[in-house]
Structure formats: C-alpha cells, structure tokens
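Below is one structure; the comments refer to it alone.
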Amino acid sequence: MNTILECTNIHKSFQKKDDEKLEILKGISLSIEEGKISVIVGKSGAGKSTLLHILAGLDKPDSGIVKFNDTNIHKLNDNEVSKFRNQNLGFIFQFHHLLPEFSALENISIPQMIAGIDKKIADKRSMELLEVVELENRSEHKPSELSGGEQQRVAIARALANNPKIIFADEPTGNLDTANSAIIHELIKKLRDEFNLTFLIVTHNKDLMNIGNRIIEMKDGLISE
Ligand SMILES: Nc1ncnc2c1ncn2[C@@H]1O[C@H](COP(=O)(O)OP(=O)(O)O)[C@@H](O)[C@H]1O
Ligand SMILES: [Mg+2]
C-alpha cells in the first residue's frame, strides 16, 4: 500500500465580519492511499470543500503540511503550484464548467493545448478519453446538446487529460438524478480499477459513499472514520 497524499495538522480559520475568527479546520491529519476511492462526508459547512481546496493546492492552510509523495506543495510558489496541479492533479466539480461554445472534443483538447501539447496529439488523446467515458459518438456535440450526465462525463474526460495521479471531486453527482449518478459512480470505479486512479471525493450521496474504499467523516473541524 502506497500513500500518495499526506496532510499533517492542517489548521484554517476565516475572518468573520465582526472581527471574530471562525476556526474551520482544527488540526487535520490524513493519509490517502494510491489507487483507492476515499470519500469525505460531513454536514454542510463542516469544511469539506475548504479541506479539499487546501489538499489540492487551491487554497493555503494557516499552518500544517500537505505532501504529494515527496512534494510539499505549500512550500512551492504560485507558479510552481499551478504547474504541479496541471501535471499531477485532476478536478471534478458539482457543475461541469464546460465551455459552451466549444464541442465535447474541444473542451478536452483546449486545456492540453494550453499546456503546450500539439492540437493533433491533444485531439487524439481527447478521442481516446471520450471512448473511456463512452461518449465517442458525441465528440462534435456542444455542452447544450448533451444531457447533464453526459456533460459531467465530458468534464471527467477533461480531468483525465493530463494523466493525473489523483482526482479531487466535490459533489460530482450533486446536480444529477439517480440514473445519471449511477453511471458516474460506475465510471469512477472503472477508472480506479482499470487505471489505478486515486480519488478523493466529497459527497452527501449515499450511493457514492458506497463505492468508497474508505469513508472519512468531518465533524467540528476534525476527522473521524
Ligand atoms: N473564503 C471564505 N471566507 C469566509 N468564510 C468561508 C470561506 N470559505 C468557506 N467559509 C466558511 O467556512 C465554513 C466551511 O465551508 P466549506 O468548506 O465550504 O464547507 P462544506 O464544503 O463542508 O459545506 C462555512 O461556514 C463557510 O461559510
Ligand atoms: Mg462544500
């Protein structure tokens, strides 16, 4: 068993209007295993998204350490963190954030091209990824011509484009009905089993919790399992 991501004693407070500080994370330590689905649960406002953002280098903790293998990400400068994220991490959000004026294929290719990959190579990779999410016959469709579940599958294909080692997902099925959610859950399991991908998922969805290898509960700024 390999640890891919480890955080130690993460603290985070937010300043409230009345000058008072609200401590959201009170010393969180966690190890995430490679090739597993770890699920974070907890009440609304418990700090799940805050923790996910800090683990993914999108936000900084007040104190504490986040390490991917040997990289201490909060020691990197802003440019280095962006580069690290682009090369190693994938993101899936509740809303797909696809570009409406571009096709499914283009939505997957554009981030690769921004990262410096030649269009032909990017498009070939995007087509392979559309096959992985079983949407190869929708490559020319714009987001508005796809169902909600299909849009989210394109967003998942896009998240896979840079070959990430770990995927962070914040309520990835929060906007979908039961049938479409079930398709996404099966897809996440397939990606774990076939590509040994690691997932760290925040969710309220019981069915999504059920595919987790591990459930982490956040409560009062700390975690229990
Ligand atoms: N940028 C911010 N500034 C001030 N307060 C914030 C900020 N981000 C989150 N919070 C507060 O921190 C708490 C935890 O938020 P969040 O991590 O989004 O919770 P969850 O994802 O578990 O619902 C909430 O009370 C929220 O209002
Ligand atoms: Mg949240």
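Any value given below was found using the heavy atoms of this structure, including those in side chains, with hydrogens, waters and symmetry copies removed. Counting starts at 1 for both ligands and their atoms, in listed order.
- Near ligand 1, heavy-atom contacts under 4.0 Å come from F14, I24, K43, S44, G45, A46, G47, K48, S49, T50.
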Checking ring pair (Phe, Tyr, Trp, His ring centres under 6.0 Å) for the pair F199/F168: CA distance, chi angles, key distance, verdict? CA-CA 6 Å; F199 285 87; F168 294 91; over 10 Å; no
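- Criterion: ILVMFWY side-chain heavy atoms under 4.5 Å apart, direct or through other members. Under it, I167 and I54 are not part of a common hydrophobic cluster.
- Among protein atoms, those of element N, O or S found less than 2.8 Å away from the Mg ion (ligand 2) are S49 OG.
- Classified by interplanar angle (parallel below 30°, tilted 30° to 60°, perpendicular above 60°), the ring pair F93/F91 is parallel.
- A side chain to side chain contact (heavy atoms under 4.5 Å, CB included) with S38 holds for exactly one of I201, L200, N213, I215; it is L200.
- In the displayed structure, K75 atom NZ is contacted under 6.0 Å by at most 12 heavy atoms of other residues, nucleotides or ligands.
- At a threshold of 4.0 Å, the pair E186-K189 counts as salt-bridged, since one of the basic side-chain nitrogens sits closer than that to a carboxylate oxygen.
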Using the side chain to side chain contact (heavy atoms under 4.5 Å, CB included) rule, take M113 and D118 through it: C-alpha gap first, then chi angles, then the decisive distance, then the call. CA-CA 6 Å; M113 285 155 65; D118 181 75; over 6 Å; no
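- Checked by atom type and distance alone, the side chain of N180 never pairs as donor or acceptor with a backbone atom of L176 at under 3.5 Å.
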Would you please test K165 and I4 for side chain to side chain contact (heavy atoms under 4.5 Å, CB included) and show each step? CA-CA 8 Å; K165 298 179 180 60; I4 183 169; 3.8 Å; yes
